[in-house]
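Every number for a ligand or one of its atoms is a count from 1 in the order of the listing.
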Amino acid sequence: MKDVLEAAEKIKNMEVRGAARIAKFAALTLKNFAKTASDENFDHEMREAAKILLNTRPTAVSLYNAISYIMRYTGKIVEEKRQDAIRKAEEFISWVENAQRIIGEIGERRIRDGSVVMTHCNSSSVLSILKRAHEKGKKIEVIATESRPRWQGRLTARQLRELGIEVTLIVDSAVRYFMNDVDCVLVGADAITANGALINKIGTSQIALIAKESRKPFMVAAETYKFSPKTLYGELVDIEERDAEEVAPKDLLDLGVKVRNPAFDVTPRSYIDVIITEIGVITPEMAYIVIKERLGYSAVEDEIKIDLSHFDEVD
Ligand code: RUB
């Protein structure tokens, strides 16, 4: 369990971050754990490992989908279960990799030659689209927000420059100032709910609002494992609230200044033009179909497999 605890810590402290990377990393961790879990207590140990990983960051539904995909392993004897869990983890990891490649191919067609694209935070699917557009010889320029308080925009700016793409870094509050210079906005997703709302890095909804007001297309790059089955059954996506120290120095906090630090916000579907997925470019209204047909299982079944009501307590 030591490796699982270490992996969970890496997700919590954001050494591994971004919804797709978190899901892939959790799948890999669970795969390695399945190889070593004991014969006597295989199911129990797998469930404990799953809970530890799930208990790291609550908003990225990709993590939940990764874990519940693997935890649906079957088999008559332990060795069969072990092999099935390993196979399912590998399948999930391939799903992530293929989806991001296909999103790059499909999404690139939505970026016109000569475009200025605004993005927020740091999304591997967005990067895949921009990389593909650049490789196809399109001349694109990106405006990247800093994405306070954790500065993921700096990562985006660095990665884009490494690809040879023009990039301008702006402070989050300059979004409206620059919106006139932009042809489209392209962001990633932590979760898409059953009613087509987007949950992504805090500030995304303000950008969507400004894009709508300026009549600029607002596009989301989201693999289908970002869609949330639980929301179909009425559950809300938890919005992670992080430490005050990420926002304000200790001396200010010592004065009694209160800080709120939600890591994500909700963008209603009416602000979203399209969602670029690996199964095509869809509208937010199609979220229900994606959850029912693509994810193909019910949250109720999941509750039986992994008891999420005990999310906080690892026994
Ligand atoms: C990352 C974030 C990203 C999405 C999508 O937040 O909001 O936009 O996770 O990323 P954090 P990807 O840095 O807090 O994890 O497309 O790579 O899954």
Side-chain angles (χ1 to χ4, degrees), residues 7-28 53-54 56-66 92-93 95-104 106-108 117-132 142 144-160 163 172 175 185-193 197-208 218-228 237-243 246-247 261-267 272 275-278:
E9 193 45 44
K10 282 187 182 160
I11 300 174
K12 262 190 206 154
N13 69 23
M14 292 176 68
E15 202 176 309
V16 175
R17 48 143 300 281
R21 277 188 72 216
I22 290 172
K24 215 164 115 174
F25 183 64
L28 186 63
L53 291 167
L54 275 170
T56 49
R57 296 195 71 192
T59 307
V61 170
S62 51
L63 174 63
Y64 173 89
N65 281 335
F92 190 88
I93 292 167
W95 183 1
V96 176
E97 287 165 357
N98 289 331
Q100 294 199 321
R101 183 179 45 76
I102 297 167
I103 286 174
I106 295 176
E108 172 276 316
V117 182
M118 181 179 279
T119 192
H120 185 51
C121 196
N122 178 256
S123 154
S124 40
S125 285
V126 167
L127 259 294
S128 173
I129 293 173
L130 297 173
K131 178 172 182 272
R132 196 75 195 108
V142 178
T145 56
E146 285 178 318
S147 314
R148 285 259 307 137
R150 296 294 297 240
W151 314 104
Q152 290 93 332
R154 291 180 180 175
L155 280 177
T156 301
R158 186 180 299 276
Q159 288 163 355
L160 289 169
L163 293 168
D172 297 321
V175 165
V185 178
L186 179 60
V187 296
D190 266 78
I192 308 277
T193 66
L198 161 71
I199 288 111
N200 193 48
K201 183 53 55 199
I202 190 80
T204 302
S205 65
Q206 289 174 178
I207 301 175
F218 182 88
M219 305 193 284
V220 181
E223 311 86 297
T224 51
Y225 56 80
K226 303 276 182 70
F227 288 67
S228 168
V237 174
D238 277 347
I239 301 289
E240 173 185 4
E241 186 134 359
R242 297 187 63 86
D243 286 349
E246 289 188 347
V247 175
N261 185 18
F264 302 96
D265 66 16
V266 183
T267 302
I272 301 168
I275 304 176
I276 303 164
T277 76
E278 76 276 20

Determine whether [X] and [Y] make a side-chain contact, defined as any pair of heavy atoms from C-beta on separated by less than 4.5 Å.
X: L127; Y: L163; value: yes
X: T59; Y: I199; value: yes
X: R150; Y: R17; value: no
X: L198; Y: F218; value: yes

Residues E241 and N261: side-chain donor-acceptor under 3.5 angstrom: no
Donor on one side chain, acceptor on other, D265 and S205, under 3.5 Å: yes
Criterion side chain to side chain contact (heavy atoms under 4.5 Å, CB included) on K226 and N65, from CA distance to verdict: CA-CA 8 Å; K226 303 276 182 70; N65 281 335; over 6 Å; no
Part of H120 with heavy atoms under 4.0 Å of ligand 1, whether side chain, backbone, both or neither: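 The answer is neither; H120 stays 4.0 Å or more away.
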Does an N or O from [X], backbone or side chain, lie closer than 3.5 Å to an N or O of ligand 1?
X: F264; answer: no
X: R57; answer: yes
X: A19; answer: yes
X: S124; answer: yes
X: K201; answer: yes
X: G18; answer: yes

Shortest protein heavy-atom distance from [atom], along with the residue and atom involved:
atom: atom 7 (O) of ligand 1; answer: D190 OD1, 3.0 Å
atom: atom 5 (C) of ligand 1; answer: A189 O, 3.4 Å
atom: atom 13 (O) of ligand 1; answer: R17 NE, 2.4 Å
atom: atom 3 (C) of ligand 1; answer: N200 OD1, 3.5 Å
atom: atom 10 (O) of ligand 1; answer: S123 CA, 3.5 Å

Residue of the set E108, E223, R132 for which side-chain contact (heavy atoms from CB on, under 4.5 Å) holds with I103: E223
Positive for side-chain contact (heavy atoms from CB on, under 4.5 Å) with T156, one of T145, T119, V126, L130: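 Among T145, T119, V126, L130, the one that satisfies the side-chain contact (heavy atoms from CB on, under 4.5 Å) with T156 is T119.
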Check: S147 side chain, W151 main-chain N or O, donor-acceptor pair, under 3.5 Å: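 No; judged by distance alone, with no hydrogens or angles, the pair does not exist.
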Those atoms of ligand 1 less than 4.0 Å from some heavy atom in Q152: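 Listed by number with element: 11 (P), 13 (O), 14 (O).
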K226 neighbourhood, listing ligand 1 atoms whose heavy-atom distance to it stays under 4.0 Å: 12 (P), 16 (O), 18 (O)
Six-ring centre of F25, K10 cation under 6.0 angstrom, axis tolerance 45°: no
Answer with yes or no whether [X] contacts ligand 1, where contact means a heavy atom under 4.0 Å from a ligand atom.
X: R21; answer: no
X: M14; answer: yes
X: N122; answer: yes

